[in-house]
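Structure record follows, encoded as structure tokens.
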Amino acid sequence: MSELLLERSQWDLIADASGNIAVCEDPYAIAQAVACECRLFLGEAWYDTTQGVPYNQEILTAAPNIGLIESLMATAAKKVTGVASARAMLYLDRSTRTVTGAVLVTTDSGIDLSVAV
């Protein structure tokens, strides 16, 4: 699979050495697609409103459940083409109201990836 390469800090397109839009290949392309799927709010993609994570409906609540967030992230990751299995391992810091961690993905070809979220 080939994807447009996104620059990591701004999450925007970048150019390759020839000035063309940079692309990436598997397994990085799968990891990037998982990160995109986990960042996408449910309903935000106008071409397919079933994609994404239900942040507004389930996560951005007064008392988020970390188990539910892990399940939603893993479900979103499993929707990506080339992902055989996914499991989220997250940590909720209630004092700063932040969630950190990673989605652990195994590709169809048996490669294990860790995608930071």
Side-chain angles (χ1 to χ4, degrees):
M1 170 165 99
S2 186
E3 294 278 337
L4 297 177
L5 180 64
L6 300 175
E7 189 272 330
R8 290 182 186 190
S9 65
Q10 298 296 317
W11 211 246
D12 198 1
L13 299 174
I14 59 173
D16 63 14
S18 302
N20 300 311
I21 296 176
V23 295
C24 58
E25 302 294 329
D26 289 345
Y28 187 83
I30 293 173
Q32 182 177 273
V34 167
C36 286
E37 188 70 27
C38 289
R39 288 177 175 220
L40 182 65
F41 278 62
L42 181 65
E44 185 179 29
W46 62 270
Y47 54 87
D48 184 356
T49 57
T50 65
Q51 285 185 310
V53 177
Y55 284 101
N56 291 330
Q57 300 87 342
E58 303 282 342
I59 296 175
L60 299 176
T61 62
N65 178 322
I66 195 67
L68 174 63
I69 298 170
E70 288 176 335
S71 174
L72 293 169
M73 291 287 179
T75 300
K78 290 175 190 174
K79 293 179 183 177
V80 173
T81 302
V83 172
S85 66
R87 186 180 81 165
M89 298 187 64
L90 305 175
Y91 170 74
L92 172 63
D93 184 343
R94 292 194 185 277
S95 65
T96 60
R97 297 182 55 142
T98 57
V99 175
T100 57
V103 177
L104 308 175
V105 174
T106 301
T107 66
D108 289 339
S109 58
I111 299 170
D112 293 325
L113 306 170
S114 178
V115 181
V117 291

Shared hydrophobic cluster for [X] and [Y] (ILVMFWY, side-chain gaps under 4.5 Å):
{"X": "Val53", "Y": "Leu104", "answer": "no"}
{"X": "Leu40", "Y": "Ile69", "answer": "no"}
{"X": "Ile30", "Y": "Tyr28", "answer": "no"}
{"X": "Ile111", "Y": "Val34", "answer": "yes"}
{"X": "Leu92", "Y": "Val103", "answer": "yes"}

Flag side-chain contact, heavy atom, 4.5 Å: [X] against [Y]:
{"X": "Ile14", "Y": "Leu5", "result": "yes"}
{"X": "Asn56", "Y": "Leu42", "result": "no"}
{"X": "Asp112", "Y": "Val105", "result": "no"}
{"X": "Glu58", "Y": "Asn65", "result": "no"}

Where [X] and [Y] come nearest, the two heavy atoms and their spacing:
{"X": "Glu25", "Y": "Ser2", "value": "OE2-OG, 3.1 Å"}
{"X": "Lys79", "Y": "Gly52", "value": "NZ-O, 4.2 Å"}
{"X": "Tyr47", "Y": "Gln51", "value": "CE1-OE1, 3.2 Å"}
{"X": "Ala102", "Y": "Ser114", "value": "CB-OG, 3.5 Å"}

Starting at [atom1] of [X], measure out to [atom2] of [Y] and round the result to the nearest 0.5 Å.
{"X": "Glu70", "Y": "Tyr91", "atom1": "CD", "atom2": "OH", "answer": "13.0 Å"}
{"X": "Gln32", "Y": "Asp26", "atom1": "CD", "atom2": "CG", "answer": "11.0 Å"}
{"X": "Thr98", "Y": "Leu90", "atom1": "OG1", "atom2": "CG", "answer": "11.0 Å"}
{"X": "Glu7", "Y": "Asp12", "atom1": "CD", "atom2": "CG", "answer": "8.0 Å"}
{"X": "Met73", "Y": "Met89", "atom1": "CE", "atom2": "CE", "answer": "15.0 Å"}
{"X": "Asp16", "Y": "Ile21", "atom1": "CG", "atom2": "CD1", "answer": "9.5 Å"}

#### Entry: More than 12 heavy atoms from other groups under 6.0 Å of CG on Leu60
yes

### Query
For the side chain of Ser71 and the backbone of Gly67, is there at least one donor-acceptor N/O pair under 3.5 Å apart?
no

### Ala77 backbone acceptor or donor facing Glu37 side chain under 3.5 Å
no

### Query
Would Leu6 and Leu13 satisfy side-chain contact (heavy atoms from CB on, under 4.5 Å), going step by step from the backbone distance to the final call?
CA-CA 5 Å; Leu6 300 175; Leu13 299 174; 3.9 Å; yes

